[in-house]
Structures are given as structure tokens and as C-alpha cells.
**Q** 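Okay, handing you the structure first.
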Amino acid sequence: MYILSSITLVGVLFSALVQGSGAAPNADGVSCTVTASGGDDGPAFVDAVQRCDSVKIPPETTLSIATRMDMTGLKDKNIELLGTVKFTNDMTYWINNGFYFEFQDQIAFWIVGGKNILINGGGTIDGSGQVWYDAFAANSTLLRPILLTVYQATDVTIKNITMTNGPEWINFVNEGQNVIYDGINISAVSTSSNLAKNTDGWDIYRSDNVVIINSNINNGDDCVSLKPNSTNIVASNLYCNGSHGISVGSLGQYAGVYDIVENFTSTNVQMHNAENGARIKAFAGPGVGSGIVKNVSFSFFTEANVDDPLVIDQCYETSATECAAYPSNVYIQDVTFTNFNGISSGKTKSVVASLACSPDSRCSNISVSDIYLEPPSSYGSATYSCQNVNVTGNAADLFGDCVIT
Ligand SMILES: *[C@@H]1O[C@H](CO)[C@@H](O)[C@H](O)[C@H]1NC(C)=O
Ligand SMILES: *[C@@H]1O[C@H](CO)[C@@H](O)[C@H](O)[C@H]1NC(C)=O
Ligand SMILES: *[C@@H]1O[C@H](CO)[C@@H](O)[C@H](O)[C@H]1NC(C)=O
Ligand SMILES: *[C@@H]1O[C@H](CO)[C@@H](O)[C@H](O)[C@H]1NC(C)=O
Ligand SMILES: *[C@@H]1O[C@H](CO)[C@@H](O)[C@H](O)[C@H]1NC(C)=O
Ligand SMILES: *[C@@H]1O[C@H](CO)[C@@H](O)[C@H](O)[C@H]1NC(C)=O
Ligand SMILES: *[C@@H]1O[C@H](CO)[C@@H](O)[C@H](O)[C@H]1NC(C)=O
Ligand SMILES: *[C@@H]1O[C@H](CO)[C@@H](O)[C@H](O)[C@H]1NC(C)=O
Ligand SMILES: *[C@@H]1O[C@H](CO)[C@@H](O)[C@H](O)[C@H]1NC(C)=O
């Protein structure tokens, strides 16, 4: 292993050549290649990204990452991932050393931040998730690392990358602006009987202008989830399989905290074998938070074997009695569901859509158009349910008169 700091580029080049590993800068020192050392490649990869404008991981190369990677504070970087970046399955190390995020009690393998960063190249990020899926089945408080976290970053593009076997969330955008994910294939699937739980494709938090497009997601929790303060977000042209759907929320969970989701578009989504299709969920009850969901558009969803294809739940994890006494203080307004097709799973029998708002007009301007959802034929014709909301749009009649509670 070569020494990382206080050495000249010539020294690094010499060392890298001698060792046949690590980051070798080219003649002008701007473009580097990182190859596998046989040991922990984390420090060499971090060092290369800090020193070089462009860093390449060649095809057929698997970097083994045994130590957490802090790539924050970067500027104008291009990471060309042709090979694989694979995190070790040393759970003890990661539990004790992963980057900690207070929000939802999370840890992370790898944080990327700064300005103007591109990660692309057709390569793979592998989280060695199976040991975590199995351990979580025996310990439901086990901290598990997020695969890739974009943290305090502006102008980031992550393109043409496979993300496989993340132990928990796959992507976390935390305090990011102008972040694009394009052409990402996610697979978080357990090979044992223990499921790959909490493997959300994306979670967005305190971030503005995030685009997720042209991606395939095969996982065990939300396909895309907008957590508090997600503004100007696009999640489109997605194939989601096995997930919990495209979710806004849950919001309003924490007392004293105000959560915003505004300007979200999700169009052209294929949702298969999922718990939900398009969903907005907000807490009600005593001692929770508040917020606003405003200007959300879900359109062209094609669904197959989905438990709840179209959902607003504004009494999330709250009993009807409590929701009546303490309606949600997360107001939901200007939401459109347009062009939904497909067949539910039958888990909720004939119900294919449910707009369950809190009492006291906490939902407004909710529109449904061109909705053609059906349950499996054994459940007869579709039931559309709603409460405490005035539904508009050309499919409003399907919902009939909503229950007022
Ligand atoms: C993805 O990367 C592979 C390997 O570098 C390349 O052949 C392919 O053209 C890239 N695809 C896109 C859409 O950029
Ligand atoms: C569960 O995992 C956590 C580490 O995330 C650890 O602190 C705790 O002791 C474990 N619990 C059990 C019952 O093993
Ligand atoms: C993702 O999967 C699609 C469809 O199978 C494939 O065309 C594409 O090349 C894959 N992308 C990557 C980064 O491997
Ligand atoms: C989709 O998910 C189902 C179960 O959730 C699984 O059986 C199937 O193999 C997955 N399909 C693909 C293409 O990964
Ligand atoms: C969301 O943004 C609002 C307005 O800036 C702020 O008051 C609130 O604390 C933020 N909420 C979170 C969860 O960061
Ligand atoms: C709603 O959000 C979309 C982007 O998702 C934006 O183009 C549109 O201008 C917004 N509408 C309003 C009234 O803010
Ligand atoms: C939502 O979009 C509208 C129209 O583009 C814009 O005026 C407004 O500032 C956006 N809201 C947020 C929170 O960015
Ligand atoms: C209802 O919501 C739609 C979609 O966001 C918006 O275009 C429209 O202006 C809203 N209508 C009212 C009356 O606010
Ligand atoms: C429905 O609209 C009427 C007329 O604007 C209003 O009085 C009522 O409160 C609305 N109901 C709900 C549940 O929002």
C-alpha cells in the first residue's frame, strides 16, 4: 500500500508501478486508474478521487472496499466505473464505522458530495447484502449500511450503473441539488428465505431538483421514496418489481418538524409484484408533525399484481378514532392521478384505489382521470374507495360519494 498524502505525483506513480496496484496517474496527473490490490482498495480509491480529475476503474476489476469511503467536498470529478466496487461483508466493521445519519437512524458505506460530479461507465456497486439480510432476520435493530449516499452535493450525475445487493437503502440523496440518476439497474434480492428488507431504491431528503429516470429496480421496499423536504423531483420511465411502490412520505412523523413535498412528477412507471403503485402517506394522531404535499402528478402507471395500486393514506399508522380526534397536519393538495392501468393482486379483494384523507378537509384538489384498474377476476368488479375528500377528474365517478368521518 502506498502512502496517501505528502508525496509527489511522481512518487505516487513510482509507488503504483512498483506495487502494481493503487491509483496510477497518467503523465499529466489528471486522469488516474485504480486497480485491485488484493487487500482493501478503499483508501486508494478515495485518494485517487481526491487527487485526480478523472478516475477509472477498469472493466474486469473488482475493488474490494473494507473501510468507509468519504468522498465529500469534491469538485469537478469524473468517476468512470467500468468494473466493480464491492463492499466487504465484515458486519462488525461496518456497524461500528459506517457514516451515521440521524435521520431514520442510518449508516452508510460511501458518501459522495461537492460540486459537479459524474459517476458512469456501465460498472457495478455491490453491497454484499446477503449476510445483512440474514442477520436482520435475527436482529430487527441491526444497523445496515446504505449502498451509495449523495450528501451535500450539487450537480451530480450518476449514469449507467448497476447497484446490487445493497444491505439496506440503495440510494440516499441527503441535502442534494441538481442530482440526476439515469440508467440505473438495481437488484436487491435475497437468495435465502430471509427477505431483502428496507432496500429502498431511492430515498430523497432535504433535496431539490432530483431526477431519476430510465431505470430498472428489483427490490424489497419502496422503489422511490420522497422523504421530508423533497422539491422538484422527477421519477419517470421506471420498471419497478417486488417493491413497495413510488411513495411520497411517510411525512409528518416527528413532532415539531414541518415536512414539504412540492412539485413531484412520476410518469411512465411499470409496477409489478408490489405492495403499492403510487402512494402518498402522512401521519395523523397526537404528538406528530406537520407539513404540506403540493403539486404531485402520477401518470401512466401500468401495474400488475399490486396490492394497492393507487393510494392516499392521510391517517397513516393511526386508528380511525385517533385520526378523527387528531387529523393529519400534513395537508395534501393539487394531486393528479392520470392514466392508471392494470390488475391488482387481490390482497385488498376488489379494492383497487383508496383515497383515505383525514377528516376536516385536509386534502384538496385531488384529481383522478383515465383510471382503468381491475382486481383479479375472482374478486368481481373493481371497488374505488375514498373518505373525506372531494374527488375531481373524469374518473371521479368511479369513487362515488366519499365517506365522511
Ligand atoms: C454503459 O456503459 C457501457 C460500458 O462502458 C457502454 O458500452 C454503454 O454504451 C453505456 N451505455 C450508455 C447508455 O451510456
Ligand atoms: C442488533 O444489532 C445492533 C447493531 O446494529 C447491536 O447493537 C445489537 O446488540 C444487536 N442486537 C442483538 C439482539 O444482537
Ligand atoms: C440495465 O438493464 C437493461 C435491461 O436489461 C440493459 O439494457 C442495460 O444495459 C443495463 N444497464 C446496466 C448499467 O447494466
Ligand atoms: C420480480 O419479482 C418477483 C417476486 O417479487 C420475482 O419472482 C421475479 O423473479 C422478479 N422478476 C424479475 C424480472 O426480476
Ligand atoms: C423543511 O423546510 C422548511 C422550510 O425551509 C423548514 O422549516 C423545515 O424545518 C424543513 N424540514 C425538514 C425536515 O428539514
Ligand atoms: C408543478 O410541478 C411541475 C413539475 O413537477 C411544474 O412544471 C409545474 O410548474 C408545477 N405547477 C405549479 C402550479 O407550481
Ligand atoms: C414549484 O414549481 C413552481 C413552478 O415552477 C415554482 O414557482 C415553485 O417555486 C416550485 N416550488 C418549490 C418548492 O420549489
Ligand atoms: C389543482 O391542481 C392542478 C394540478 O396541480 C393545478 O393545475 C390546478 O391549478 C389546481 N386547481 C386549483 C383550483 O388550485
Ligand atoms: C367539498 O367541497 C365543499 C364545497 O366546496 C366543501 O364545503 C367541503 O368541505 C369539501 N369536503 C371535503 C371533504 O373537503
Side-chain angles (χ1 to χ4, degrees), residues 89-101 104-109 131-146 162-165 167-168 185-199 201 215-223 231-233 238-245 248 261-267 269-278 280 292-299 302-307 312 331-339 342 344-345 347 355 361 363-369 389-394 396:
N89 63 9
D90 179 354
M91 290 194 286
T92 307
Y93 171 80
W94 293 111
I95 289 166
N96 292 308
N97 296 283
F99 297 98
Y100 184 74
F101 290 100
Q104 297 199 350
D105 197 22
Q106 305 280 323
I107 58 170
F109 283 134
V131 291
W132 298 94
Y133 310 149
D134 291 333
F136 184 70
N139 177 358
S140 63
T141 63
L142 181 72
L143 284 171
R144 294 150 296 155
I146 299 165
T162 295
M163 300 180 179
T164 187
N165 295 321
E168 209 243 13
N185 289 348
I186 290 174
S187 170
V189 176
S190 176
T191 55
S192 74
S193 58
N194 302 313
L195 298 178
K197 292 217 171 133
N198 309 113
T199 48
S215 295
N216 299 302
I217 301 93
N218 195 13
N219 69 341
D221 207 306
D222 292 331
C223 189
T231 51
N232 304 300
I233 313 291
L238 303 179
Y239 171 82
C240 305
N241 184 53
S243 81
H244 294 183
V248 170
V261 169
E262 185 169 336
N263 300 348
F264 175 44
T265 299
S266 181
T267 189
V269 172
Q270 287 187 60
M271 186 65 70
H272 291 193
N273 308 307
E275 283 189 3
N276 307 279
I280 300 176
I292 181 95
V293 173
K294 189 177 160 67
N295 188 24
V296 169
S297 161
F298 295 106
S299 59
T302 305
E303 308 198 26
N305 191 29
V306 174
D307 299 344
I312 291 179
Y331 286 74
I332 300 176
Q333 63 190 63
D334 307 340
V335 177
T336 59
F337 297 92
T338 310
N339 209 310
S344 69
S345 67
K347 177 128 189 239
L355 302 172
S361 302
C363 290
S364 57
N365 192 18
I366 311 296
S367 171
V368 289
S369 298
V389 57
N390 290 324
V391 184
T392 61
N394 72 22

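All values derive from a computational prediction rather than experimental measurement. FYI, the numbering just counts along the sequence from 1. Whatever order the structure lists ligands and atoms in, that order sets their numbers, starting from 1.
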**Q** Hey, are Ser187 and Asn218 close enough side-chain-wise for a donor-acceptor pair under 3.5 Å?
**A**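 No, no side-chain donor-acceptor pair sits under 3.5 Å.
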**Q** So for ligand 2, is Ile95 a polar contact partner (N or O within less than 3.5 Å, distance only)?
**A**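 Ile95 vs ligand 2: no N/O contact under 3.5 Å.
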**Q** Using 30° and 60° as the class boundaries, would you call the ring planes of Trp94 and Phe109 parallel, tilted or perpendicular?
**A**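 Perpendicular.
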**Q** Looking at ligand 8, does any of its N/O atoms fall within less than 3.5 Å of an N/O of Thr336?
**A**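 Such a contact does not occur with ligand 8.
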**Q** So Ile366 and Val335, do their side chains get closer than 4.5 Å, heavy atoms only?
**A**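 In contact.
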**Q** If the cut-off is 4.0 Å to any non-hydrogen atom of Leu143, which atoms of ligand 2 fall inside it?
**A**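 Every atom of ligand 2 under 4.0 Å from some heavy atom of Leu143: 5 (O).
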**Q** What pair of heavy atoms forms the shortest contact from Gln333 to Ile292, and how long is it?
**A**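 It is OE1-CD1, 3.5 Å.
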**Q** Quick one: salt bridge (charged side-chain N to carboxylate O under 4.0 Å, His left out) partners of Lys294, sequence neighbours excluded?
**A**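 Result, salt bridge (charged side-chain N to carboxylate O under 4.0 Å, His left out) vs Lys294: Asp334.
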**Q** Heavy atom under 4.0 Å from ligand 2: found in Asn139's side chain, backbone, both, or neither?
**A**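 Looking at Asn139 and ligand 2, just side chain atoms fall under 4.0 Å.
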**Q** Relative to ligand 2, is Thr141 under 4.0 angstrom through side chain, backbone, both or neither, heavy atoms considered?
**A**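 Both backbone and side chain of Thr141 come within 4.0 Å of ligand 2.
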**Q** Among Asn194, Asn198, Ile95, exactly one meets side-chain contact (heavy atoms from CB on, under 4.5 Å) together with Trp132. Which residue is that?
**A**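 Single side-chain contact (heavy atoms from CB on, under 4.5 Å) partner of Trp132 among Asn194, Asn198, Ile95: Ile95.
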**Q** Who's touching ligand 4 if we go heavy atoms under 4.0 Å?
**A**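 Lining ligand 4: Asn218, Asn241, Gly242, Asn273.
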**Q** Please check if any side-chain donor atom of His244 sits under 3.5 Å from a side-chain acceptor atom of Asp221, or the reverse.
**A**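 Yes.
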**Q** Going by atom types alone, do Thr267 and Ser299 pair a side-chain donor with an acceptor below 3.5 Å?
**A**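 Yes - a donor-acceptor pair under 3.5 Å links their side chains.
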**Q** Consider only side-chain N and O atoms of Asn390 and Thr392, and report whether a donor and an acceptor are under 3.5 Å apart.
**A**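 There is no such pair (donor and acceptor under 3.5 Å, judged by atom type) between the side chains of Asn390 and Thr392.
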**Q** Give the atom numbers and elements of ligand 8 that come within less than 4.0 Å of a heavy atom of Asn295.
**A**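 That gives atoms 5 (O) of ligand 8.
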